[in-house]
Amino acid sequence: MFVVDEINLPLLGNTGLECPLSEEERAIQESAQRLAKEVLQPIAEKLDKMSNEEAVAPDSPMWEAMDKVKASGLMDLEMMATLDNEQKRRIIPIIFEEMATGDAGLTLINMVQGFPEFTARAVGDEELIERFSGKRGCWLATLPDRGCDLVDFDATEVAPGKKQSRPNLHAKIEGDEVVINGQSSSWVSGAPVAECALCYISCDYGEGLWQEDGSHNLIAVLVPFDVEGVSKGKPLDKIGQRSLPQGEIFFDNVRLPIKYAVAQGQTAQNSFFGALTFANMEMAVTFTGVARAAYENALAYVHERVQGGVPIIEHQAVKLQLFGLWQKVEACRAMARRVFDYNYSENGPHLLASMTSKTFVTKNCFDVTSEALQLFGGNGLTREYPMEKLLRDARASLIEDGENNILSLKAATMLSEEYKHRTGL
Ligand SMILES: Cc1cc2nc3c(=O)[nH]c(=O)nc-3n(C[C@H](O)[C@H](O)[C@H](O)COP(=O)(O)OP(=O)(O)OC[C@H]3O[C@@H](n4cnc5c(N)ncnc54)[C@H](O)[C@@H]3O)c2cc1C
């Protein structure tokens with residue numbers, strides 16, 4: 001039983017049912033909220049209405065957003081490296097959720113930009129660290145003919161007797177060099193403004209591209225874009241997350257010293273597993289922020305809009321809808337943070353955990369943005385209000401960083417494998 005002396009209104013924080021934060025956490029949350037409201041949201045609104053080319057041009061407001069995120073230090077890799085696991089599991093969700101209430105695309109571009117530098121630091125090679133530090137990066141993995149096939153890294157979802165598609169991009173090792181030819185998909189986030197990439201590429205180590213199970217041998221290569229043979233396609237035109245530009249990268253006989261191939265063979269598979277585990281986990285906290293933004297906008301609107309003689313919140317049906325949104329946002333946050341807890345515990349990290357929160361949160365975020373838009377009536381559909389952008393941003397997340405159905409199939413396969421292993425079946 002609880003002993004309650006007085007019945008008051010609930011104490012809610014930025015993140016809803018928020019337990020007290022430490023002074024440091026509170027300061028980080030406030031700083032991320034300011035950045036979201038004063039910088040990310042207004043700039044993303046402008047970018048959303050610009051053409052793809054204008055959005056990445058030298059005079060685009062995107063650069064101001066990038067500079068201000070950098071100046072805030074909130075996404076600083078060196079700062080992140082100083083956090084222990086306990087701090088990471090508490091602080092990173094606060095930063096991502098808060099920033100994403102301003103804009104998902106600008107949050108994600110700042111995350112993905114750090115992938116090559118993070119990898120160079122993890123490898124620990126001084127030349128690589130120098131080459132990739134402070135460089136805007138991207139994460140290149142999918143190809144025109146390898147979307148879900150790439151995500152299905154261990155071929156659990158390949159039809160019996162079949163194998164995955166031939167790659168449009170491949171690497172081979174020649175002496176002390178790695179040689180890359182072909183092209184990425186047009187979906188590489190941040191590519192139009194990137195200076196380098198962390199690439200996961202199909203590789204023939206001398207026994208062909210395919211493994212016995214039908215998946216590909218991979219190699220992880222850090223590629224600076226100032227080397228001969230690298231070129232870019234046009235920025236992709238798409239709905240949703242328009243502040244996160246995508247584009248193709250072409251490789252024409254690109255030759256790099258072998259040390260740039262930072263993971264080979266099984267180590268490259270492991271590295272991809274680690275990258276996807278991290279990215280899926282971050283997607284969940286990011287789209288918790290998008291769902292929250294939709295809820296907060298709806299909460300304000302239902303108190304302003306008058307129909308039937310009263311603000312629409314006074315109608316019982318609207319109250320029920322609003323409470324449904326609140327519950328879903330809380331459920332998204334709980335799931336996203338539980339996975340952070342697990343991944344930064346001694347039992348983690350594991351892709352199963354991250355796929356669980358990524359698929360759950362993005363699906364519920366899409367539902368929340370759609371249901372919140374409904375509360376705006378016709379206004380929700382217009383570009384004068386924020387709802388249609390939030391809906392488009394959420395829609396893209398169902399395919400981004402692994403399409404939700406293939407992620408769910410892989411997660412279910414992992415659950416079954418774990419059960420068989422545990423029970424000796
Ligand atoms: C906003 C956004 C950002 C992205 N950023 C990046 C990035 O930074 N880097 C990068 O490399 N890529 C990126 N991607 C690409 C993304 O990872 C792929 O779009 C995704 O993996 C799906 O691949 P696809 O689009 O080729 O779909 P397909 O693979 O063609 O899938 C089409 C449909 O077929 C179904 N399907 C496919 N295979 C199976 C199967 N075995 N069993 C059952 N169903 C199946 C899928 O469920 C899906 O519904 C991004 C995508 C988006 C939308």
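Remember, it's 1-based here, ligands and their atoms both numbered in the order they're listed. Here the structure is a predicted model, which is why all the values come from computation and not from measurement.
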Enumerated ligand 1 atoms positioned under 4.0 Å from heavy atoms of [X]:
| X | answer |
| --- | --- |
| I406 | 39 (C), 40 (C), 41 (N), 42 (N) |
| A141 | 10 (C), 11 (O) |
| N405 | 47 (O) |
| G147 | 21 (O), 23 (O), 24 (P), 26 (O), 29 (O) |
| L409 | 42 (N), 43 (C) |
| G402 | 17 (O) |
| V151 | 21 (O) |

Do the side chains of [X] and [Y] get close enough for a salt bridge, i.e. N-O under 4.0 angstrom?
| X | Y | answer |
| --- | --- | --- |
| K328 | E371 | yes |
| D48 | R392 | yes |
| K363 | D367 | yes |
| E127 | R131 | no |
| R90 | E25 | yes |

Residue pair A32 / I95: nearest heavy atoms and the distance that separates them: CB-O, 4.3 Å
With distance as the sole criterion, is a donor-acceptor pair present between the side chains of [X] and [Y] under 3.5 Å?
| X | Y | answer |
| --- | --- | --- |
| E98 | N14 | yes |
| T267 | Q264 | no |
| T413 | E157 | yes |
| N217 | Q211 | yes |

Ligand 1 contact by D152, heavy-atom criterion under 4.0 angstrom: no
Using a distance threshold of 4.0 Å (strictly less than), state whether [atom] has a protein heavy-atom neighbour.
| atom | value |
| --- | --- |
| atom 33 (C) of ligand 1 | no |
| atom 15 (C) of ligand 1 | yes |
| atom 47 (O) of ligand 1 | yes |
| atom 30 (O) of ligand 1 | no |

I want to know if ligand 1 touches [X] in the polar sense, i.e. an N/O pair below 3.5 angstrom.
| X | result |
| --- | --- |
| D149 | no |
| E400 | no |
| W139 | yes |
| R146 | no |
| E403 | yes |

Pairs involving residues 277-291, ordered by first then second residue, that meet side chain to side chain donor-acceptor pair (under 3.5 Å) (sequence neighbours left out):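 Non-adjacent pairs meeting side chain to side chain donor-acceptor pair (under 3.5 Å): zero.
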Residue pairs, two or more places apart or on separate chains, that pass ring pair (Phe, Tyr, Trp, His ring centres under 6.0 Å) and touch residues 265-293: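 Pairs touching residues 265-293 that pass the test: F153-F273, Y200-F272, F273-H350.
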Protein heavy-atom partner closest to [atom] - residue, atom, separation in Å:
| atom | answer |
| --- | --- |
| atom 3 (C) of ligand 1 | Q246 NE2, 3.2 Å |
| atom 41 (N) of ligand 1 | E157 O, 3.0 Å |
| atom 8 (O) of ligand 1 | S189 N, 3.0 Å |

From S184 atom OG to L150 atom CG, the distance as rounded to the nearest 0.5 Å: 11.0 Å
Pick from T142, L140, I399: the one approaching atom 12 (N) of ligand 1 most closely through a non-hydrogen atom: T142
Minimum non-hydrogen distance to atom 36 (N) of ligand 1, winning option of C148, S184, A155, G105: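 It is C148 that holds the nearest heavy atom.
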Mode of W187 contact toward ligand 1 - side chain, backbone, both, neither (heavy atoms, under 4.0 Å):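 Both of them.
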For ligand 1, the portion of L244 having any non-hydrogen atom under 4.0 Å away: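 Contact part for L244 vs ligand 1: neither.
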E304 side-chain N/O to Y301 backbone N/O, donor-acceptor pair under 3.5 Å: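 Looks like no, no N/O pair under 3.5 Å.
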